[in-house]
Amino acid sequence: MIPTPIRLAAHLAALTTLPSGLWRIGVVLGGPSGYTEEGLREICPPGIWGPTYLILLSLLTEAAALLTLGLIQPWGEVVPRWIPFVGGRNIPPRAVLIPAWTGVAILAFLWTPFAAWWAMPHDNMTATGHLVVGFLYLPLVAWAPLLAAVALHYQRRHRKVNHTVGLNAWGVACGDGLERLRDGMA
């Protein structure tokens with residue numbers, strides 16, 4: 001059973017990319033970006049590649065955020081049956097946890113500086129744009145800690161302890177297993 005706060009954290013993590021993603025799609029569609037003309041050309045150069053990049057970035061970040069739901073859903077533990085050749089197989093916890101914890105580290109590195117958005121100068125933005133874009137990107141700061149909370153719960157749910165030695169799912173001695181190892185080595 002997944003506790004309600006963990007379910008909420010997973011769903012919130014999946015939503016953290018939505019405001020900035022919708023803003024980027026709005027920029028592609030010609031909506032107000034908050035940037036000066038020069039700034040807009042920097043983030044969305046004319047031609048096909050600038051808009052394509054912004055749309056793909058929005059779709060990929062939302063897809064990555066939605067993967068957080070796999071930590072609380074059955075499809076994060078067993079491959080869905082409709083997937084050819086591997087459908088119905090159990091997913092090893094390490095195959096889920098290594099990308100999840102790597103994601104936490106990358107997201108913290110990428111988005112934590114945005115907590116100081118308003119302290120950084122943005123010469124290529126209007127004053128209103130600076131304020132609004134800051135609020136649209138601010139939820140991304142919460143993505144790493146929300147993912148960490150959900151990943152930690154997943155890890156604890158799937159911890160396999162070898163009772164003879166006391167190894168956790170990562171193969172590290174823990175709890176009374178440490179005592180047994182020390183006693184056996186002494």
Side-chain angles (χ1 to χ4, degrees), residues 2-73 75-76 79-80 83 91 94-155:
I2 310 293
T4 301
I6 297 300
R7 283 192 182 282
L8 181 62
H11 285 88
L12 286 174
L15 293 174
T16 57
T17 62
L18 197 56
S20 58
L22 291 175
W23 172 80
R24 284 190 295 271
I25 291 171
V27 168
V28 168
L29 296 175
S33 66
Y35 279 89
T36 62
E37 288 297 319
E38 182 182 324
L40 182 58
R41 277 192 303 276
E42 287 177 22
I43 68 157
C44 187
I48 191 74
W49 296 113
T52 301
Y53 167 73
L54 289 179
I55 289 173
L56 283 175
L57 180 61
S58 297
L59 293 174
L60 291 174
T61 55
E62 188 58 41
L66 286 170
L67 286 175
T68 306
L69 297 175
L71 297 170
I72 63 164
Q73 298 293 331
W75 53 267
V79 179
I83 296 180
I91 300 171
R94 285 185 190 181
V96 174
L97 289 168
I98 290 171
W101 286 115
T102 302
V104 168
I106 291 169
L107 293 171
F109 176 78
L110 287 175
W111 298 118
T112 301
F114 273 82
W117 171 265
W118 293 282
M120 295 183 269
H122 294 90
D123 298 330
N124 57 359
M125 299 188 82
T126 65
T128 303
H130 185 249
L131 179 69
V132 171
V133 171
F135 279 116
L136 293 174
Y137 274 78
L138 191 59
L140 293 170
V141 175
W143 191 1
L146 290 168
L147 176 57
V150 179
L152 182 61
H153 184 267
Y154 182 96
Q155 184 173 333

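All figures in this text were calculated on a predicted structure; none of them were measured in a lab.
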Would you check if Ile25 and Leu54 make a side-chain contact, meaning some heavy-atom pair closer than 4.5 Å?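 Ile25 does not reach Leu54 side chain to side chain.
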Suppose we screen for side chain to side chain contact (heavy atoms under 4.5 Å, CB included). Which residues come up paired with Ala14, at least two apart in sequence or across chains?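 Ala14 satisfies side chain to side chain contact (heavy atoms under 4.5 Å, CB included) with Leu66, Leu69 once adjacent residues are dropped.
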What heavy-atom pair brings [X] and [Y] nearest, and what distance separates the two atoms?
X	Y	result
Cys44	Gly50	SG-C, 3.8 Å
Ile55	Val28	CD1-CG1, 3.7 Å
Ala13	Ala65	O-CB, 3.6 Å
Gly21	Ser58	O-OG, 3.2 Å
Pro19	Leu136	CB-O, 3.5 Å
Gly76	Val96	O-CG2, 3.5 Å

To the nearest 0.5 Å, what is the distance between [atom1] ([X]) and [atom2] ([Y])?
X	Y	atom1	atom2	value
Thr68	Leu146	OG1	CG	8.5 Å
Leu22	Arg24	CG	CZ	9.5 Å
Ile2	Leu8	CD1	CG	13.5 Å
Glu42	Glu37	CD	CD	12.0 Å
Ser33	Ile43	OG	CD1	5.5 Å
Leu57	Glu62	CG	CD	11.5 Å

Measure from the side-chain N and O atoms of Thr126 to the backbone N and O of Gly34, and report whether any donor-acceptor pair falls under 3.5 Å.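 Flag set: sc Thr126 to bb Gly34 pair under 3.5 Å.
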Judged by atom type as modelled, is there a donor-acceptor pair below 3.5 Å linking the side chain of Thr36 to the main-chain atoms of Asn124? yes
Going through the distances and angles, do Ile91 and Val79 end up as a side-chain contact (heavy atoms from CB on, under 4.5 Å)? CA-CA 7 Å; Ile91 300 171; Val79 179; 3.7 Å; yes
Assess the residue pair Leu71 and Leu147 against the criterion (side-chain contact (heavy atoms from CB on, under 4.5 Å)); give the C-alpha distance rounded to whole Å, side-chain angles, the decisive distance to 0.1 Å, and a yes or no. CA-CA 9 Å; Leu71 297 170; Leu147 176 57; 3.7 Å; yes
Check this for me: Leu29, atom CG, are more than 12 non-hydrogen atoms of other residues, nucleotides or ligands nearer than 6.0 Å?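 Counting other residues, nucleotides and ligands, CG of Leu29 exceeds 12 neighbours.
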Going by the ring pair (Phe, Tyr, Trp, His ring centres under 6.0 Å) test, which pairs reach into residues 16-55, not counting sequence neighbours? Trp23-Tyr137
Apply side-chain contact (heavy atoms from CB on, under 4.5 Å) to His11 and Ile72, showing your working. CA-CA 10 Å; His11 285 88; Ile72 63 164; 3.8 Å; yes
Run the side-chain donor-acceptor check on residues 103-122: report pairs under 3.5 Å with partners two or more places apart or on a different chain.
from, atom 1, to, atom 2, distance (Å)
Thr112, OG1, Ala108, O, 2.6
Trp117, NE1, His130, O, 2.8
His122, ND1, Met120, O, 3.0
His122, ND1, His130, NE2, 2.8

